[in-house]
Amino acid sequence: MNTPAPTEMQPGQSRMLQLPAGACLHLSSGRLVLHPTPGWLEIAVETPAHTLRAGEVYVAPRRVWVRLDALAASRLIWRWPVPRAAAAAPLAWRALLARLKPRAAA
């Protein structure tokens, strides 16, 4: 996935984002409140809001929608997790090459 450019938010501005599991939100400056939605069939209907200050990071524990409310002028950077297939590709490639490699005659 492509990593979006840093997002600037002004005080009072809100934004909704859908985050995949493992997505990382890094607040480089400012302050904002992050409101995650409850998960499917969770016992708790309400989820606690997280107040992020400059330098703090939020990692999505599962695929989730979040609402971000800026309390001050904020700069947010998010990074998507590496897909499992892409992370496993180099290992699979090495295994395939090892099978094709000619063996030394004994």
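Heavy atoms only: backbone and side chains are in, while hydrogens, waters and symmetry mates are out. As the structure is a computational prediction, the values presented were derived from the model and not from experiment.
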Measure across [X] and [Y] and return the closest heavy-atom pair with its distance rounded to 0.1 Å.
X     : Y     : result
Leu32 : Ala70 : CB-CA, 3.9 Å
Pro20 : Ala60 : O-CB, 3.6 Å
Pro11 : Leu71 : CB-O, 4.1 Å

Measuring only between side-chain heavy atoms, which start at C-beta, is [X] closer than 4.5 Å to [Y]?
X     : Y     : answer
Leu27 : Glu56 : no
Arg63 : Gln18 : yes
Val57 : Cys24 : yes
Pro36 : His50 : yes
Arg79 : His26 : no
Leu19 : Leu25 : yes
Leu68 : Leu17 : yes

Exercise. Which is it for Arg31 and Thr51 under the side-chain contact (heavy atoms from CB on, under 4.5 Å) test, yes or no, and what are the steps along the way?
Worked result: CA-CA 7 Å; Arg31 202 169 94 220; Thr51 302; 4.2 Å; yes
Point-to-point distance, once rounded to the nearest 0.5 Å, from [atom1] of [X] to [atom2] of [Y]:
X     : Y     : atom1 : atom2 : answer
Arg75 : Ser28 : CZ    : OG    : 5.0 Å
Arg53 : Ser74 : CZ    : OG    : 12.0 Å
Met9  : Asp69 : CE    : CG    : 7.0 Å

Exercise. Can you name the side chain to side chain contact (heavy atoms under 4.5 Å, CB included) partners of Ala21, sequence neighbours left out?
Worked result: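 None.
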